[in-house]
Amino acid sequence: MRLMQEEMIGYESEEEREMESSSCGSIVDLGFQEKSMKVVVVGYALTSKKIKSFLQPKFEGLARNKGIFFVAIDQTRPLSDQGPFDIVLHKLSGKEWQQILEDYRLTHPEVTVLDPPSAIQHVYNRQSMLEDVADLDLSDAAYGSVGVPKQLVIEKDPSSIPDAVRQAGLALPLVAKPLVAKSHELSLAYDEYSLEKLEPPLVLQEFINHGGVVFKVYIVGDAVKVVRRFSLPDVSKRDLSRRSVGGVFRFPRVSCAAQSADDSVADLDPCIAELPPRALLERLARELRRRLGLHLFNLDMIREHGTRDRFYVIDINYFPGYGKMPEYEHIFTDFLLNLAKSKYKKRSSTTSLP
């Protein structure tokens, strides 16, 4: 019961300043710091909740010391009239905003937009979210395999769900998630009679026992960081036999860093608590960055209980709560600096060509 009350996120997304721009963009020399330091201007368009969790004082202070300045984008003004920016960081929804960003990327190729709206939409849809993981079919004799649970998309008519589940050969219990990944609420259905109580559009995923622990794999460019979180507890055959009537249980996502399983790792079975092999995570992250076309995302990964090397990705989240990731301040500032430096070198080599 204790684990049921822990974080259920496995099964389950201003400071103004004026400065002169150089011929290479908005990366300019800082007269009041070392001459070799460049200013990196990051325009951001985030929700108030994301601003509070991401742009924490410690992070902004560290970024400022490294020459990175965050500037709020005014959504009431044309984006092209603002800046100049080196990087645009965003997490807003809506077709109008997506079109604004796509147009901006075409007219300002010198600016890095994190990340392309079309790539983000791919992981917002749970029907397409895990396709790249499944197509990758990652298997390494030394480190293990990574797959995805069997799943089924239901777009309408809840009365058809039991038949659809039988035809697809899915085994109970099933995790039900909203088709659009902007909601993190989930339900666990224990019997086929209760499936009709679910509300489409949704994705049904076979529940895989995983010891009640999910691995949150954070990706920031080339950097990979993994932490443990509590998840839904295992379900036994005895549990299924006891839940013959009304077997749908809803779980809201609880976002609380204090509920990290890393804090209780000494109390966990080592076979459950052991982190996935580093080499496997880095290979998976590298392949998904390339296939998804994203720099900023995380994976919810589980290890099938009773195995040591059989892993499943059950969710992908774009621009997750990095404020909960250990050392995110240093990882993220290094990422932004490397991104700007790489872009600056490319522009410099282009402008120096005869």
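FYI, the numbering just counts along the sequence from 1.
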With rounding to the nearest 0.5 Å, note down the distance linking CD in Gln151 to CZ in Arg126.
9.5 Å
Hey, what do you get for NE2 (His305) to CD1 (Ile302), rounding to the nearest 0.5 Å?
11.5 Å
Tyr44 vs Ile51 side-chain heavy atoms within contact, under 4.5 Å:
yes
Return the minimal non-hydrogen interatomic distance between Asp132 and His122, and the atom names on each side.
OD2-NE2, 3.0 Å
What do the steps show when you test Leu138 against Leu280 for side-chain contact (heavy atoms from CB on, under 4.5 Å), and what is the final call?
CA-CA 9 Å; Leu138 182 58; Leu280 185 70; 3.9 Å; yes
What's the separation between atom CD1 in Ile331 and atom CG in Asp222, rounded to the nearest 0.5 Å?
12.0 Å
How far apart are the C-alpha atoms of Phe319 and Phe54, what are their side-chain angles, what is the distance that settles it, and do they pass the ring-ring contact (aromatic ring centres under 6.0 Å, His included) test?
CA-CA 10 Å; Phe319 202 153; Phe54 177 69; 5.2 Å; yes
Using side-chain contact (heavy atoms from CB on, under 4.5 Å), reason through Tyr318 and Ile316 one step at a time and then give a plain yes or no.
CA-CA 7 Å; Tyr318 177 68; Ile316 300 177; over 6 Å; no
Assess whether side-chain contact (heavy atoms from CB on, under 4.5 Å) is satisfied between Leu336 and Phe70, documenting all intermediate values.
CA-CA 11 Å; Leu336 293 174; Phe70 293 95; 3.9 Å; yes
Enter the distance from Ile68:CD1 to Leu62:CG here, rounded to the nearest 0.5 Å.
7.5 Å
Is any side-chain heavy atom of Tyr328 closer than 4.5 Å to one of Lys225?
no
Carefully, step by step, assess Glu206 and Leu174 under the rule side-chain contact (heavy atoms from CB on, under 4.5 Å).
CA-CA 5 Å; Glu206 280 192 345; Leu174 296 173; 4.0 Å; yes
One thing to verify: whether Lys343 and Asp86 come together as a salt bridge, which I'm taking to mean a side-chain N less than 4.0 angstrom from a carboxylate O.
no
Pair Gln99, Asp103: side-chain N/O donor-acceptor within cut-off below 3.5 Å:
yes
Quick check: are there more than 12 heavy atoms from other residues, nucleotides or ligands sitting under 6.0 Å from NZ of Lys150?
yes
Working to the nearest 0.5 Å, report the span between CD of Glu274 and CZ of Arg228.
9.0 Å
The reported gap from CD in Glu60 to CZ in Phe69 (rounded to nearest 0.5 angstrom) is 10.5 Å
Taking atom CZ as the centre, does Phe335 end up with more than 12 heavy-atom neighbours from other residues, nucleotides or ligands that are less than 6.0 angstrom away?
yes
Closest non-hydrogen atom pair between Val217 and Met301, with its separation:
CG2-CB, 4.5 Å
Heavy atoms, side chains only, cut-off 4.5 Å: are Leu204 and Leu198 in contact?
yes
